[in-house]
Amino acid sequence: MSNTTLPVNPESEAPERPHAQRSASQLKYLVLCPGYKPEQKKRTHWVTQQGIRGHSAMESADHGDLQSNYESNLVQLCQDYEATLPPTQSVVKEFRVETILGRWGYLDTLRFRQTGDSRDSSEADLIDYKFVRKAEVEDAEVNLQGKDYVVGVFETFPQLDRVHVHFVMPRFGSVSTATFHRDQLPDLRLEVFSIINLAQKTDRKRAASRLFKPDFDVCRYCGRRATCQALFRLADKVAASYVGHPVPEVPANVHASQSRDPATLGALKALAAILEPWCQSVSHHTTDVALDEGIVPAGYVIDYLKGQRRISDPLALLRVGPRYGITVDDVLASSKVSIAQLEDVVMAKARRGEKAEKKAEFLDELRDANALNRSEDRPYLRKVSA
């Protein structure tokens with residue numbers, strides 16, 4: 001295929017990157033439990049927001065929307081790595097690639113390599129930027145998302161013989177790479193097909209009950225966990241194992257403020273430990289049903305508390321504030337600083353092997369400057385074993 005026919009820097013096809021049902025990023029969960037369904041979150045985590053801004057900056061080469069030097073450094077690490085790759089004939093970004101079974105995915109960057117003096121490109125670099133914070137993603141050799149994308153790239157561009165996958169993780173200062181050859185395509189396609197095929201069977205209720213497999217790393221992110229029969233059966237087994245152990249009783253006097261009997265207060269505390277999560281669950285799910293499906297519990301109406309005001313753009317505040325007599329010192333005095341997030345920044349910028357040491361040095365310097373203190377311990381009641 002000649003150089004002139006390769007796609008070159010098209011406009012982004014999907015700035016919002018809508019996900020296909022059972023998309024490539026879900027495969028690692030679906031292989032553990034075919035019934036996995038993404039949880040619908042009402043708020044976007046701040047780490048995810050940083051990742052969105054990072055992807056946008058990599059796509060447009062514009063750092064204007066980044067909100068800190070730290071975010072700029074993350075993006076710069078990605079750009080520095082991409083600059084080390086072989087020369088390219090053509091580049092596509094945010095490219096929608098069709099995979100199998102009517103699914104699709106969006107590639108961050110796909111570079112067609114310049115292979116010597118040839119005008120034909122037989123190799124491509126598939127780059128995916130991972131702004132994850134808790135743990136590095138699975139190695140590119142086994143990463144199911146990467147394999148799914150490779151299937152789509154091979155089928156979309158038949159001239160390619162090799163695809164080099166790069167998962168770039170700037171928070172960890174690491175990259176995982178793997179090379180896939182076209183003769184691997186049948187096996188890759190079959191691997192993805194087997195996962196999706198089993199997952200599609202869970203759309204039928206009879207099969208769902210039999211195929212669901214509770215797994216800690218899946219269930220806590222799954223939108224089905226409130227109705228999953230397999231999870232209920234597991235909970236029933238756990239509950240059954242406690243038969244014969246003391247079960248919290250409801251005392252005659254349920255008003256803790258009116259009791260001074262240690263046994264009664266202990267029974268009330270044990271009861272509260274069980275009822276509190278249940279109360280939170282009832283509140284959460286009745287609110288969701290009311291807002292999402294319009295089913296309002298009898299005797300209640302939907303109302304709204306005023307949202308808490310906050311500064312979403314500190315740089316804008318520093319531009320506007322001085323016109324009203326607000327100085328940088330005033331802003332800092334009115335701000336709350338997250339020590340945990342600052343520790344993450346220090347560790348992310350430190351060299352591998354020095355992260356813990358740099359974090360400790362940072363905290364020591366803050367203490368020496370009397371800029372860090374800990375509030376008094378807050379008493380609480382901890383349950384002890386009999």
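Each residue takes its place number in the sequence, starting with 1. Hydrogens, waters and symmetry mates play no part in the numbers below; they use all other heavy atoms, side chains included.
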Task: Parallel, tilted or perpendicular: rings of Phe112 and Phe157 (30°, 60°) - done: perpendicular
Task: For the student: nearest non-hydrogen atoms of Pro170 and Leu77, plus distance - done: O-CD1, 3.5 Å
- [ ] Verify the distance criterion only: is there a donor paired with an acceptor across the side chains of Gln21 and Lys37 at less than 3.5 Å?
- [x] no
TODO: Give a yes or no on whether Phe172 and Tyr70 share a hydrophobic cluster (residues Ile, Leu, Val, Met, Phe, Trp, Tyr; joining criterion: side-chain heavy atoms under 4.5 Å apart).
DONE: no
TODO: Take atom NZ of Lys349 as the centre, draw a 6.0 Å sphere, and report whether it contains more than 12 heavy atoms from other residues, nucleotides or ligands.
DONE: yes
Task: Validation row: Gln67, Leu315 side chains within 4.5 angstrom (heavy atoms) - done: no
TODO: Quick one: closest heavy-atom pair of His181 and Phe154, and the distance?
DONE: C-CZ, 3.6 Å
Task: Separation between OG of Ser174 and CZ of Arg352, rounded to the nearest 0.5 Å - done: 5.5 Å
Task: hydrophobic_cluster_shared for Met58 and Val137, side chain cutoff 4.5 Å - done: no
Open item on the list: Do Arg113 and Thr88 have side chains that approach each other closer than 4.5 Å (heavy atoms only, starting at C-beta)?
Closed with: no
Task: Cluster overlap Leu85 with Val75, hydrophobic side-chain contacts below 4.5 Å - done: yes
Open item on the list: Could you check whether Glu82 and Tyr129, counting side-chain N and O atoms only, form a donor-acceptor pair closer than 3.5 Å?
Closed with: yes
TODO: Might you work through the side-chain contact (heavy atoms from CB on, under 4.5 Å) test for Gln145 and Lys130, ending with a clear yes or no?
DONE: CA-CA 12 Å; Gln145 180 181 17; Lys130 299 293 188 183; 2.7 Å; yes
TODO: Among Leu107, Val97, Thr99, Leu110, find the residue that satisfies the side chain to side chain contact (heavy atoms under 4.5 Å, CB included) test when tested with Thr156.
DONE: Val97
- [ ] State, with a plain yes or no, whether a side-chain heavy atom of Glu141 is found less than 4.5 Å away from one of Ser176.
- [x] no
- [ ] Just do the side-chain contact (heavy atoms from CB on, under 4.5 Å) check on Lys147 and Glu191 with the steps written out, would you?
- [x] CA-CA 9 Å; Lys147 289 182 177 182; Glu191 184 175 0; 3.1 Å; yes
Task: Criterion side-chain contact (heavy atoms from CB on, under 4.5 Å) on Phe131 and Met169, from CA distance to verdict - done: CA-CA 6 Å; Phe131 292 88; Met169 296 163 278; over 6 Å; no
TODO: State yes or no: do Phe212 and Leu27 share one hydrophobic cluster built from I, L, V, M, F, W and Y residues joined by side-chain heavy-atom distances below 4.5 Å, directly or via other members?
DONE: no
TODO: Examine distances only and state if a side-chain atom of Asp139 and a backbone atom of Val142 form a donor-acceptor pair shorter than 3.5 Å.
DONE: no
Open item on the list: For Phe180 together with His164, are the ring centres under 6.0 Å from each other?
Closed with: no
Open item on the list: As a test of understanding, state which of Ile100, Leu144, Asp187, Leu101 forms a side chain to side chain contact (heavy atoms under 4.5 Å, CB included) with Val192.
Closed with: Ile100
Task: Exam field: side chain Ser283 to backbone Gln280, donor-acceptor pair closer than 3.5 Å - done: no
Open item on the list: Any non-hydrogen side-chain atom of Arg111 less than 4.5 Å from a side-chain atom of Gln89?
Closed with: no
TODO: Quick one: pull up CD in Glu138 and CZ in Phe167 and give me the separation to the nearest 0.5 Å.
DONE: 8.5 Å
TODO: Verify salt bridge (Lys or Arg N to Asp or Glu O under 4.0 Å) between Arg22 and Asp203, making sure each step is shown before the conclusion.
DONE: CA-CA 12 Å; Arg22 298 187 175 105; Asp203 292 336; 2.8 Å; yes
TODO: Heavy atoms only: give me the nearest Val151-Leu185 pair and the separation to one decimal.
DONE: CA-CD1, 3.9 Å
TODO: Using a strict cut-off of less than 4.0 Å between a Lys/Arg side-chain nitrogen and an Asp/Glu carboxylate oxygen, indicate whether Arg189 and Glu155 qualify as a salt bridge.
DONE: yes
Open item on the list: For His166 and Asp125, which I'm curious about, is there any donor-acceptor pair between the side chains at under 3.5 Å?
Closed with: yes
- [ ] Return yes when atom NZ of Lys355 has more than 12 non-hydrogen atoms of other residues, nucleotides or ligands closer than 6.0 Å, and no otherwise.
- [x] yes
- [ ] To the nearest 0.5 Å, tell me how far Lys201 NZ sits from Ile196 CD1.
- [x] 13.5 Å
Task: Leu66-Val132 co-clustered via ILVMFWY side chain contacts under 4.5 Å - done: no
Open item on the list: To check you understand the geometry: which heavy-atom pair defines the closest contact between Pro186 and Asp183, and what is its length?
Closed with: CD-O, 3.6 Å
Open item on the list: Measuring from atom CG of Asn73 to atom NE2 of His63, what distance do you get when rounded to the nearest 0.5 angstrom?
Closed with: 9.5 Å
Task: Atom of Glu98, atom of Arg96 and distance for their closest heavy-atom approach - done: OE2-NE, 3.1 Å
TODO: For residues Ala24 and Tyr149, report the shortest heavy-atom separation together with the two atoms involved.
DONE: CB-CE2, 3.6 Å
TODO: Taking the side chain as every heavy atom from C-beta outward, state whether Tyr221 and Tyr29 have any atom pair closer than 4.5 Å.
DONE: yes
- [ ] For residues Val168 and Asp128, determine if any side-chain heavy atom of one lies less than 4.5 Å from a side-chain heavy atom of the other.
- [x] no
- [ ] Would you check, one step at a time, whether the test salt bridge (Lys or Arg N to Asp or Glu O under 4.0 Å) holds for Lys28 with Asp217?
- [x] CA-CA 10 Å; Lys28 65 178 181 179; Asp217 289 326; over 6 Å; no
TODO: Inspect the surroundings of CG in Asp364 and state if more than 12 heavy atoms from other residues, nucleotides or ligands are less than 6.0 Å away.
DONE: yes
Open item on the list: Any donor-acceptor pair under 3.5 Å linking the side-chain atoms of Thr327 with those of Asp330?
Closed with: yes
Task: Arg171 and Gln50 side chains, donor-acceptor separation under 3.5 Å - done: yes
TODO: Would you mind reporting whether His284 and Ser281 have side-chain heavy atoms less than 4.5 Å apart?
DONE: no
Task: Interatomic distance, Gln79 atom CD to Thr84 atom OG1 [nearest 0.5 angstrom] - done: 12.5 Å
TODO: Give, for atom CZ of Arg351 and atom CD of Glu357, the distance between the pair rounded to the nearest 0.5 Å.
DONE: 11.5 Å
- [ ] Applying salt bridge (Lys or Arg N to Asp or Glu O under 4.0 Å), run through Arg162 and Glu123 and close with a yes or a no.
- [x] CA-CA 5 Å; Arg162 290 175 296 281; Glu123 301 181 50; 2.8 Å; yes
TODO: Take Asp108 and Lys93 through the test salt bridge (Lys or Arg N to Asp or Glu O under 4.0 Å) and record every step on the way to the result.
DONE: CA-CA 5 Å; Asp108 289 340; Lys93 298 184 177 182; over 6 Å; no
Task: Side-chain touch Tyr36/Gln26, heavy atoms, less than 4.5 angstrom - done: yes
Open item on the list: Looking at Glu365, I want to see if its CD is surrounded by more than 12 non-hydrogen atoms of other residues, nucleotides or ligands under 6.0 Å.
Closed with: no
- [ ] Would you please say whether a donor-acceptor pair under 3.5 Å links the side chains of Ser122 and Gln159?
- [x] no
